[in-house]
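Have a look at the structure below, then the notes.
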Amino acid sequence: MNNREKSKWMEQYRREQSRLRLLCSELDALRSQGRELCRLRDGSEEAPPHWLARDLAQARQEMEAQAARCVVLRRRMVRAISRLEDERQREVLCRRFLQGQTAAEAADEMGVVPRRVEQLQTEGMRLLVVDLQETGTETKQKGRLKGTC
C-alpha cells in the first residue's frame, strides 16, 4: 500500500464519522416529527404512528450499523498507529486522522510549527503498516498511544 492509499484509508474514518453524525441527525429529526405528530393527534407524546415507528426503527438500525463500522475502523487505525516507534509520529497521526485536527491546530497544541507536523505525518505514513485482512473480532491490545487518541 503506497502513501496515497494509506492516506485515503486513514481519511475514511472521518468520512464514516461524518456519515454517523448525519444518521444521528436524521434519527433526531424523525423523533421530533413523531413527538409533534403525537402532540397534534391527541395532545400526548406517547407512541408515534406505526409508519413513523417503522422509519424510526430503520433509522436506528442504520445508525447502529454505522457506529459499529466506525468502531472497527478506529480500532484498526489505532492498532496501525500504535505500531509506530516514534511517539511524535503517533501523536501527529492521532491528531490529524482520529481527532480531525488541521496541521496548524496540531502544531499549536504540540508546540511545533505546522511544517514539522507535516513532516512527522509524512514520515509516519511512510512507516505505517496497514493490515486490511483484520476481522471485526480484534482482541484488546495494549498500545503505546498513552492517551493521545
Side-chain angles (χ1 to χ4, degrees), residues 1-39 45 48 51-149:
M1 183 179 272
N2 64 34
N3 282 355
R4 174 170 268 134
E5 292 168 330
K6 289 177 189 176
S7 282
K8 279 184 159 181
W9 181 76
M10 297 285 280
E11 289 170 3
Q12 179 182 353
Y13 178 71
R14 281 192 264 184
R15 289 189 305 272
E16 295 292 334
Q17 283 289 97
S18 179
R19 171 117 172 91
L20 178 59
R21 282 190 296 276
L22 177 66
L23 289 171
C24 288
S25 295
E26 288 176 6
L27 183 59
D28 287 344
L30 283 171
R31 285 181 179 144
S32 291
Q33 182 182 11
R35 283 191 298 271
E36 181 64 17
L37 286 172
C38 291
R39 189 185 62 73
E45 293 185 12
W51 57 269
L52 186 56
R54 192 173 49 242
D55 288 350
L56 280 165
Q58 181 180 356
R60 184 182 174 120
Q61 285 178 332
E62 286 179 40
M63 185 202 60
E64 289 172 353
Q66 182 66 26
R69 283 191 292 274
C70 287
V71 167
V72 169
L73 183 55
R74 183 179 179 90
R75 283 182 185 157
R76 288 179 179 169
M77 289 175 65
V78 168
R79 181 171 289 117
I81 292 169
S82 70
R83 291 179 185 140
L84 292 173
E85 294 294 325
D86 187 279
E87 182 179 342
R88 300 292 271 180
Q89 291 171 356
R90 290 193 309 265
E91 183 177 359
V92 164
L93 292 182
C94 282
R95 288 180 180 279
R96 298 283 286 128
F97 293 101
L98 294 174
Q99 297 173 8
Q101 291 183 342
T102 64
E105 291 168 336
D108 187 48
E109 289 189 21
M110 293 174 68
V112 297
V113 296
R115 179 70 185 126
R116 181 62 183 143
V117 167
E118 293 166 3
Q119 290 169 342
L120 288 165
Q121 179 178 330
T122 300
E123 293 166 10
M125 291 300 285
R126 185 177 54 80
L127 297 171
L128 194 70
V129 176
V130 178
D131 185 1
L132 297 177
Q133 302 306 314
E134 295 174 356
T135 65
T137 58
E138 295 103 355
T139 58
K140 194 171 185 179
Q141 177 187 2
K142 293 180 184 174
R144 296 174 288 190
L145 292 177
K146 300 177 186 171
T148 58
C149 292

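Note that these values count all heavy atoms, side chains included, but never hydrogens, waters or copies made by symmetry. Note that the numbering runs from 1 along the sequence shown for the chain.
- Of the inter-residue distances, the one linking Arg69 atom CZ with Leu20 atom CG reads 9.5 Å to the nearest 0.5 angstrom.
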Practice prompt. Show your working on side chain to side chain contact (heavy atoms under 4.5 Å, CB included) between Arg60 and Arg31 and close with a plain yes or no.
Written response: CA-CA 10 Å; Arg60 184 182 174 120; Arg31 285 181 179 144; 3.8 Å; yes
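- Side chain of Glu5 to main chain of Asn2: a donor-acceptor pair is present (N/O by atom type, distance under 3.5 Å, no hydrogens or angles).
- The two atoms that bring Met63 and Cys24 nearest to each other are SD-SG, 3.4 Å, heavy atoms only.
- Closest approach of Asp86 to Gln89, counting heavy atoms only: OD1-N, 2.8 Å.
- Every residue was checked against the side-chain contact (heavy atoms from CB on, under 4.5 Å) condition with Asp108, not counting sequence neighbours, and none meets it.
- Taking the side chain as every heavy atom from C-beta outward, Met125 and Leu128 approach each other to under 4.5 Å.
- Taking OH from Tyr13 and CZ from Arg75, the interatomic distance works out to 11.5 Å, rounded to the nearest 0.5 Å.
- Atoms OG and CG, on Ser82 and Leu93 in that order, are 11.5 Å from each other to the nearest 0.5 Å.
- Every residue two or more places apart in sequence or in another chain that forms a side-chain contact (heavy atoms from CB on, under 4.5 Å) with Gln12 is listed here: Trp9, Arg15, Glu16, Leu73.
- Across Arg95 and Ala106, no two heavy atoms sit closer than the pair CD-CB, 3.9 Å.
- Counting only heavy atoms from C-beta outward, the side chains of Gln121 and Phe97 approach each other to under 4.5 Å.
- Within the structure, the salt bridge (Lys or Arg N to Asp or Glu O under 4.0 Å) test picks out the following pairs touching residues 110-125 (sequence neighbours left out): Arg115-Glu118, Arg116-Glu123.
- A 4.5 Å side-chain heavy-atom check between Arg96 and Val117 finds at least one atom pair inside the cut-off.
- Residues Gln66 and Leu22 have side chains not in contact (no heavy-atom distance under 4.5 Å, counting atoms from C-beta outward).
- With rounding to the nearest 0.5 angstrom, the CG atom of Leu23 is 12.0 Å from the CD atom of Gln61.
- Residues Pro114 and Ala107 share a closest heavy-atom pair of N-CB, 3.5 Å.
- With rounding to the nearest 0.5 angstrom, the CG atom of Asp55 is 11.0 Å from the CD atom of Glu26.
- Lys6 and Arg126 get closest at one heavy-atom pair: NZ-O, 3.1 Å.
- Two residues are said to be in side-chain contact when any heavy atoms from C-beta on lie closer than 4.5 Å; Val92 and Arg88 fail this criterion.
- Between Leu98 and Ile81 there is a side-chain heavy-atom pair separated by less than 4.5 Å.
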